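Below you'll find the structure, written out as structure tokens, and then a few comments.
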Amino acid sequence: MRIGILTGGGDCPGLNAVIRSAVRACEVTYDSTVIGFRNAWAGVMDNDYEVLDVDRCRGILPLGGTILGTSRDQPFAHPDGLHKVRKAYDRHGLDAIIAVGGDGSMGVVKDLHENDFPVVGVPKTIDNDISLTEMTFGFQTAVQICTDAIDRLHTTAESHHRVLVVEVMGRHVGHIAIWSGIAGGAAMTIVPEEPFDIQELCERITRRHGQGRYATIVVVAEGALPKTGTFTMPEPEIDQYGHQVLGGIGSIIAREIQGRTGIECRMTALGHIQRGGSPVAFDRVLATRFGVAAVEAALDSAWGQMVALQYGEIVRVPIADAIGRLKVVEGDLLRINTMFRPRIPGDHHPGQRPEDVED
Ligand code: F6P
């Protein structure tokens with residue numbers, strides 16, 4: 001078989017592990033060839049590629065980023081895009097393309113599949129928000145980076161008796177925020193799933209500091225939003241692909257906290273540090289499993305399918321079922337987040353006896 005591979009959307013630790021794994025599976029086990037397209041679909045349309053073999057992929061397993069480069073460009077954004085993709089299949093004699101990407105890239109794979117292109121998807125995002133897979137690679141690395149940062153921020157926050165707001169990635173969902181907030185022992189974590197009330201947040205901080213706790217870490221996901229009517233957010237910037245450029249909520253919250261509580265507050269935005277560098281072991285293993293599974297899906301002509309992790313096993317799911325609905329934070333993680341925040345009068349926690357509610 002001749003298989004094309006590309007990495008699209010925002011980069012993420014583990015992309016090189018997928019590429020390496022797909023190449024090894026093809027060359028060593030399945031007597032197949034891999035063509036790597038540079039900068040996602042842009043490379044397919046512009047015929048920018050390299051033939052990948054085991055030698056080329058030596059040493060890339062622990063490497064962050066993607067040796068192929070990435071972009072958010074896609075064929076449906078160009079009038080002749082589909083024609084160019086068809087030409088790429090013909091020119092290279094491709095039997096399949098494996099596209100590694102997030103929700104947007106999986107949408108392109110679905111549309112190409114509906115146009116009869118032989119395509120397979122591999123889900124990728126540090127946000128961990130793709131449905132039908134329990135985990136995407138890159139997520140655990142991002143959580144570890146945030147947790148390490150929070151650990152460091154504790155000591156400086158405590159020395160200065162400050163509130164420290166830590167802004168982490170999470171465009172629509174708060175998986176990174178909740179996981180790193182719990183792992184790092186943050187006093188409060190604010191996620192897009194639960195719009196926040198700034199006044200209530202400040203009351204919790206004031207009460208905590210009044211009770212002799214002289215430092216507070218607040219983790220906030222970049223996509224967090226205030227409860228309707230509490231305060232107005234500035235209009236977000238939009239990039240060339242119509243994608244909102246997020247980041248900034250941490251500064252807004254920090255300013256409000258200092259203004260409303262009088263307690264000194266600082267903000268740290270972790271930004272793209274969360275996406276850079278070497279993947280943790282879990283992500284390397286998951287990415288390796290996904291790479292092999294994607295090649296095997298192509299060998300089985302499982303077009304329009306995405307590889308996924310379910311109950312610890314690698315499975316295939318129709319991409320059409322996975323996209324368009326995000327996997328949000330829910331269940332015990334949200335409950336723990338509520339249970340562990342500093343209390344204020346009137347709080348009632350799940351499992352708490354009504355007579356113990358403070359007034
Ligand atoms: O979707 C993954 C992600 O890392 C989001 O958490 C973040 O909002 C976005 O990508 C940032 O994209 P860019 O690198 O284009 O600024």
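Note that this is a predicted model, so its numbers are computed, not measured. Excluded from the calculations below are hydrogen atoms, water molecules and symmetry mates; all remaining heavy atoms, backbone and side chain alike, are included. One-based numbering, in listed order, for ligands and for the atoms of each.
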Taking the six-membered ring for Trp, are Tyr89 and Phe117 parallel (under 30°), tilted (30 to 60°) or perpendicular (over 60°)?
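Ring orientation of Tyr89 relative to Phe117: tilted.
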
Evaluate Met306 against Arg316 for side chain to side chain contact (heavy atoms under 4.5 Å, CB included), listing each step before the verdict.
CA-CA 6 Å; Met306 179 185 94; Arg316 296 172 192 163; over 6 Å; no

Protein heavy-atom partner closest to [atom] - residue, atom, separation in Å:
atom: atom 12 (O) of ligand 1; result: Arg275 NH1, 3.5 Å
atom: atom 6 (O) of ligand 1; result: Asp127 OD1, 2.7 Å
atom: atom 16 (O) of ligand 1; result: His272 NE2, 3.3 Å
atom: atom 15 (O) of ligand 1; result: Arg72 NH1, 2.7 Å
atom: atom 8 (O) of ligand 1; result: Glu222 OE2, 2.5 Å

Could you check, using the six-membered ring where one of them is a Trp, whether His209 and Tyr214 have ring centers closer than 6.0 angstrom?
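Ring centroids of His209 and Tyr214 are no less than 6.0 Å from each other.
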
Side chain, backbone, both or neither: which part of Gln274 comes within less than 4.0 Å of ligand 1 when only heavy atoms are counted?
neither

Check: Thr125 N/O within less than 3.5 Å of ligand 1 N/O
no

Looking only at distances, please establish whether an N/O atom of ligand 1 is found under 3.5 Å from an N/O atom of Asp239.
no

Applying the side chain to side chain contact (heavy atoms under 4.5 Å, CB included) criterion to Thr206, which one of Thr216, Thr261, Leu201, Ile257 satisfies it?
Thr261

Taking [X] for the side chain and [Y] for the main chain, is one N or O donor matched with an acceptor at less than 3.5 Å?
X: Thr338; Y: Leu334; result: yes
X: Thr7; Y: Gly69; result: yes
X: Asp73; Y: Trp41; result: no

Under 4.0 Å from a heavy atom of Gly170: which atoms of ligand 1 are those, numbered in the order shown and with their elements?
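Atoms satisfying the 4.0 Å criterion: 6 (O).
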
Taking a cutoff of less than 4.0 Å between a non-hydrogen atom of the residue and any ligand atom, is Gly102 in contact with ligand 1?
no

